[in-house]
Structure formats: C-alpha cells, structure tokens
Amino acid sequence: MDKMLDFRTLREDTAGPRWQALFAYHWPAYEQWYLSEGERERPGYLACYNALRRHMPELLGTYRALCDLAGGGDLAARFLSLYQPPPYITGCSQAVLASPESTVLARNYDYPPELCEGTILYTHWNERRVIAMSDCLWGVLDGMNDRGLAVSLAFGGRKAVGEGFGAPIILRYLLEFCDTVLEASEVLARVPTHMAYNITVADAAGRYVTAMIGPDRRASIRRVPVATNHQKKIEWYAHALASETLIRERQLSILVDDEATTEERFIAAFSAPPLFRHDYRRGLGTVYTAVYHPQAGRAQFHWPGMNLDLNFDDFPEERITVRYGTRALHGG
C-alpha cells in the first residue's frame, strides 16, 4: 500500500503562532513516541534543562520561548530538550562536492515516510537566518544558515545508546551559533550524543568535515566528504546489509573523487540507485533529497518529478504531497 506525506515550507522569523500550531498538530504523535518506553525511561525536566545549560547554553532563550508556546507543560519541555530521547534509526547518504567555484552538500534521507515531519522551516530565532528540514519540531535533519554553514546527519550504524542529546538539536545549535566548519567541529567534539551519528558539515569557504560521534567514544572528526550508515568499520551487520551502507559509500566516494564529476552529475546521482532507495516496506526508502549551496544561500529539495528551490530572500510557503509506493514515487 502506498504511503503519503505532505511537505510544507513554513516561515516564521520569531517563534510565535505558526510554530505553536505546528506543535499542536504534531505533539500527539511525538508524545506517544516520547513515552514509548515508559515515562520513567525519560529524564526529568531539571536534568534536561541542566544538560542544555551546560552544553548548549546559547540555546536556552529559544528553548524557553518554545516551551512557553508549547503550553509550559513538563512533558513537552522534556521532549523539546531532545536530551535522552528514545533511540531511533535512519538510513541516509550524504556527501560534499567541493571546488574553488562552489561547494554543494547533498543528502538522501531514508526513513519511514509516515514518521517524517515534512516541515521545511525558515527561522531567524537568533543572529542567523536558518532554513532546515525540521525534526522533533525544532531539531534539524539537514539545513543551512545565512553565514554559509550547511549540515546533515546520518545514523552511524552502531547499537550504542548512552547519555546525551539527539543529533537534531545539536545540528540546530550548529546552525544557530556557528559560521564555519572549524567552529562546528569544536561543538561536535564536546557536546554529548545519545546515539551514533555521522554529521557532515560544509561552509562557504569550501571546507568540510564528517564527524563520527557516539555516546561511548570520542568524536572522530576528519576531512572526509562522504558519509553513509557506518563508522570506520561495520559493527551492526544486519543493518549494514539492509541499508546497503557500503555500496552507497563506494558510489559517493567514486563520484566525489572523480575530477570529471560536475555539480549536475553529482546531484543527479542521488535520484538513482544505489543512493535512491525504494525499500519503503522496511522503512529504508528515500523520503527526500536535499541539496545545499552554502555560498549562494540556496536550498533545493527533490522528489522524482518535483523540485523546490528556496533561498533566504525567496522562500514561498507551499505544500507538496508525495506518494511513496514500492515502485513509483510521485506528487499529487
């Protein structure tokens, strides 16, 4: 049976009624997910607040404002901290094509469509304007700020779970307060994560890194332009096999290492196998392709037969309905 997902672009410079409406719409499903292991498994409000204050203090003003808009409830505030959330697993392929003329960060997000929020959010909550694919209502799956920093996350393919934050709030922190890959790297080295993730970061100067982070070891931050769903070596064989992480990594490596690879060829590769995946039945199908051009401040979102082209000066509010089937994927 086909699955449907509505994607919508939403602009609200200062968090207010529009974000509040987004929260009201998604909260019942997020509350159910947050309590899926029982409320006692989630940290109390004070632990969440203190973790944010210790590791990402600059975010506290925004966090408080969003908690107020969410109604000031205890459970919502704990959820919005993204501290020690329930574990979740995605696929994803991401890579940077860097040249002196321009840098592109592209990624495919592989996940069950029915669990994806589908909101592309334009905000100006702090000093930087941010365009990002939203998760957990203010977290970031991938995005870019107006200083030319672009970020993307992929699951790291390891079962380790520990004390720390969900990666989407770490990516939000990067986009709100960092301008360069160096600044982002310093944050990724020190902020604890609850699961293994591969975070790829690129900036307007053409620099890039991939940070392999996890709760049980120090972050490995290297000048690597490609990431899929393993870290250095395969540790979770069943997931690696199902997600084809090695095949996708090899395809991306060949692309970025080839001097003949143009931007167009690079981006087109994300719309074809092995990078584009149709395995929606197992929750490993491609939900969308995102392409960020940090120098130009341009964000593009692709689905077969459909595109959204956005930037900081031109961000129309639209709704796109995507149907995901075993074979075809098209808009309605």
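Both backbone and side-chain heavy atoms feed into the values below; hydrogens, waters and symmetry mates do not. Everything numeric here is computed off the predicted structure, so don't read it as measured data.
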Chemist: For Leu66 versus Trp19, what's the shortest heavy-atom pair and its separation?
Modeler: O-CZ3, 3.5 Å
Chemist: Taking the cut-offs as 6.0 angstrom to the six-membered ring centre and 45 degrees off its axis, would you call Arg11 and Tyr122 a cation-pi pair?
Modeler: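 Flagged: Arg11 positioned over aromatic ring of Tyr122.
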Chemist: Can Leu59 and Ile169 be said to form a side chain to side chain contact (heavy atoms under 4.5 Å, CB included), step by step?
Modeler: CA-CA 10 Å; Leu59 263 187; Ile169 197 166; 4.0 Å; yes
Chemist: Using 0.5 Å steps for rounding, measure from the CG atom of Asn229 to the OG1 atom of Thr90.
Modeler: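 If we round to the nearest 0.5 Å, Asn229:CG and Thr90:OG1 are 6.0 Å apart.
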Chemist: Check whether any side-chain heavy atom of Thr193 sits under 4.5 Å from a side-chain heavy atom of Ile170, and report yes or no.
Modeler: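 They are in contact (side-chain heavy atoms under 4.5 Å apart), so the answer is yes.
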Chemist: Within the side chain of Arg190, is there an N or O that forms a donor-acceptor pair under 3.5 Å with the backbone of His55?
Modeler: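 Yes; judged by distance alone, with no hydrogens or angles, the pair exists.
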Chemist: Looking at Tyr88, Phe79, Phe23, Tyr25, which one forms a ring pair (Phe, Tyr, Trp, His ring centres under 6.0 Å) with Tyr30?
Modeler: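 For Tyr30, the ring pair (Phe, Tyr, Trp, His ring centres under 6.0 Å) test succeeds with only one of Tyr88, Phe79, Phe23, Tyr25, which is Phe79.
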Chemist: Keeping Tyr109 on the side-chain end and Thr289 on the backbone end, is there a donor-acceptor pair under 3.5 Å?
Modeler: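 It does not hold such a pair.
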Chemist: Measure the CE-OG1 distance between Met306 and Thr321 for me, rounded to the nearest 0.5 Å.
Modeler: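 Met306 atom CE to Thr321 atom OG1 measures 8.0 Å (nearest 0.5 Å).
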Chemist: According to a hydrophobic-cluster definition based on side-chain heavy atoms being under 4.5 Å apart (Ile, Leu, Val, Met, Phe, Trp, Tyr only), do Val291 and Phe312 belong together?
Modeler: no
Chemist: Nearest heavy-atom pair of Gly143 and Leu175: which atoms, and what distance?
Modeler: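 In this case the closest contact between Gly143 and Leu175 is C-CD1, 3.7 Å.
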Chemist: Is any NZ, NE, NH1 or NH2 atom of the basic residue among Glu235 and Lys159 found under 4.0 Å from an Asp or Glu carboxylate oxygen of the other?
Modeler: no
Chemist: Let me see the working for Arg8 and Glu318 under salt bridge (Lys or Arg N to Asp or Glu O under 4.0 Å), right down to the final yes or no.
Modeler: CA-CA 6 Å; Arg8 57 185 298 213; Glu318 298 183 44; over 6 Å; no
Chemist: Go through the steps for Arg53 and Tyr63 under the test side-chain hydrogen bond (donor to acceptor under 3.5 Å, both in side chains), then give the verdict.
Modeler: CA-CA 10 Å; Arg53 188 177 64 176; Tyr63 171 68; over 6 Å; no
Chemist: Evaluate the side-chain proximity of Arg64 to Tyr49: yes if any heavy-atom separation is below 4.5 Å, no if none is.
Modeler: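 Side-chain contact under 4.5 Å: yes.
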Chemist: For a quick test of reading the model, state the closest non-hydrogen atom pair linking Met195 to Ile89 and the distance between them.
Modeler: CE-CG1, 4.4 Å
Chemist: Check whether any side-chain heavy atom of Phe301 sits under 4.5 Å from a side-chain heavy atom of Met133, and report yes or no.
Modeler: yes
Chemist: Take Arg107 and Asp142 through the salt bridge (Lys or Arg N to Asp or Glu O under 4.0 Å) test and state the conclusion after the steps.
Modeler: CA-CA 8 Å; Arg107 68 97 104 257; Asp142 47 76; 2.5 Å; yes
Chemist: Report yes if the side chains of Cys48 and Leu52 come closer than 4.5 Å at any heavy-atom pair, otherwise no.
Modeler: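 No, their side chains stay 4.5 Å or more apart.
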Chemist: Side-chain contact, heavy-atom cut-off 4.5 Å: Arg277 with Ser93?
Modeler: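 They are not in contact (no side-chain heavy atoms under 4.5 Å apart), so the answer is no.
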Chemist: So, the side chain of Gln251 versus the backbone of Ile247: is there a donor-acceptor pair under 3.5 Å, distance only?
Modeler: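 Between the backbone of Ile247 and the side chain of Gln251 there is no qualifying donor-acceptor contact (under 3.5 Å).
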Chemist: Counting only N and O atoms by type, is there a donor-acceptor contact under 3.5 Å from the side chain of Glu12 to the main-chain atoms of Gly16?
Modeler: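 Yes.
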Chemist: Could you check whether Asp13 pairs with Arg129 (Lys NZ or Arg NE/NH1/NH2 to Asp/Glu carboxylate O, under 4.0 Å)?
Modeler: no
Chemist: Please say which of Thr210, Val209, Ile199 ends up in a side-chain contact (heavy atoms from CB on, under 4.5 Å) with Ile221.
Modeler: Val209
Chemist: Side-chain contact test, heavy atoms from C-beta onward, threshold under 4.5 Å: evaluate it for Tyr83 versus Glu163 and give yes or no.
Modeler: yes
Chemist: When rounded to the nearest 0.5 angstrom, what is the spacing between CD in Glu249 and CD in Glu244?
Modeler: 13.5 Å
Chemist: Look at the side-chain heavy atoms of Ile, Leu, Val, Met, Phe, Trp and Tyr, link any pair under 4.5 Å apart, and say whether Leu105 and Leu252 land in one connected group.
Modeler: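 Each belongs to a different hydrophobic cluster.
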Chemist: Output, in order, the C-alpha distance, side-chain angles, deciding distance and verdict of side-chain hydrogen bond (donor to acceptor under 3.5 Å, both in side chains) for Ser220 and Gln231.
Modeler: CA-CA 9 Å; Ser220 166; Gln231 296 185 330; over 6 Å; no
Chemist: Under a 4.5 Å side-chain heavy-atom rule over Ile, Leu, Val, Met, Phe, Trp and Tyr, are Val104 and Val96 clustered together?
Modeler: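 No.
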Chemist: Does Arg248 use its side chain to pair, donor to acceptor, with the backbone of Ser243 at less than 3.5 Å?
Modeler: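 Checking the backbone N and O of Ser243 against the side chain of Arg248, a donor-acceptor pair under 3.5 Å is found.
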Chemist: Applying side chain to side chain contact (heavy atoms under 4.5 Å, CB included), run through Asn307 and Asp309 and close with a yes or a no.
Modeler: CA-CA 6 Å; Asn307 299 295; Asp309 205 331; over 6 Å; no
Chemist: Would you confirm whether Gln295, through its side chain, and Thr103, through its main-chain N or O, come within 3.5 Å as a donor-acceptor pair?
Modeler: yes
Chemist: Side-chain contact, heavy-atom cut-off 4.5 Å: Leu121 with Ile131?
Modeler: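 No, too far: nothing below the 4.5 Å cut-off.
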Chemist: Taking Asn198 for its side chain and Thr228 for its backbone only, find out whether a donor-acceptor pair lies under 3.5 Å.
Modeler: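 Yes: the side chain of Asn198 pairs with the backbone of Thr228.
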Chemist: Is it the case that one hydrophobic cluster holds both Tyr280 and Leu115, taking links as side-chain heavy atoms less than 4.5 Å apart, direct or via other members?
Modeler: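 Tyr280 and Leu115: one cluster.
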Chemist: Calculate, to the nearest 0.5 Å, the distance between atoms NE2 and CZ belonging to His239 and Arg158 respectively.
Modeler: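 CZ of Arg158 is found 13.0 Å from NE2 of His239.
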Chemist: If you look at every heavy atom in Gln94 and Ser152, which pair is closest and at what distance?
Modeler: OE1-OG, 2.7 Å
Chemist: Could you walk me through whether Arg18 and Glu317 pass the salt bridge (Lys or Arg N to Asp or Glu O under 4.0 Å) test, one step at a time?
Modeler: CA-CA 12 Å; Arg18 311 194 75 177; Glu317 297 204 318; 2.7 Å; yes
Chemist: Would the distance check show the side chain of Tyr111 and the main-chain N or O of Cys92 forming a donor-acceptor pair, the cut-off being under 3.5 Å?
Modeler: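 No: the side chain of Tyr111 does not pair with the backbone of Cys92.
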Chemist: If you measure from the Lys or Arg side-chain nitrogens to the Asp or Glu carboxylate oxygens, is any gap between Asp203 and Arg147 under 4.0 Å?
Modeler: no
Chemist: Give me the atom names and distance for the closest heavy-atom approach of Pro294 to Ala150.
Modeler: CG-CB, 4.1 Å
Chemist: Among the clusters formed by ILVMFWY side chains lying less than 4.5 Å apart, do Leu97 and Val181 turn up in the same one?
Modeler: no
Chemist: Between Tyr288 (side chain) and Asp110 (backbone), is there a donor-acceptor pair under 3.5 Å?
Modeler: no
Chemist: Tell me, do Val287 and Phe7 make a side-chain contact under 4.5 Å, heavy atoms counted?
Modeler: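 Contact flag for Val287/Phe7 side chains = yes.
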Chemist: Atom CG of Leu69 and atom CG of Leu80: how far apart are they, to the nearest 0.5 Å?
Modeler: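 With rounding to 0.5 Å, CG (Leu69) is 10.0 Å from CG (Leu80).
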Chemist: Under a 4.0 Å N-O cut-off, is there an ion pair linking Arg78 with Glu39?
Modeler: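 Yes, this pair counts.
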Chemist: Gln84 side chain to Gly164 main-chain N or O, any donor-acceptor pair under 3.5 Å?
Modeler: yes
Chemist: Would you mind checking if Asp6 and Arg319 are paired as a salt bridge, meaning a charged N to carboxylate O distance below 4.0 Å?
Modeler: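 A salt bridge links Arg319 with Asp6.
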Chemist: Tell me the closest heavy-atom pair linking Leu310 and Pro316, and the distance in Å.
Modeler: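 Where Leu310 meets Pro316 most closely, the heavy atoms are CD2-CD, 3.9 Å.
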Chemist: Between Asp135 and Arg172, does any NZ, NE, NH1 or NH2 come within less than 4.0 Å of an OD or OE carboxylate oxygen?
Modeler: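 The answer is no: the pair does not qualify as a salt bridge.
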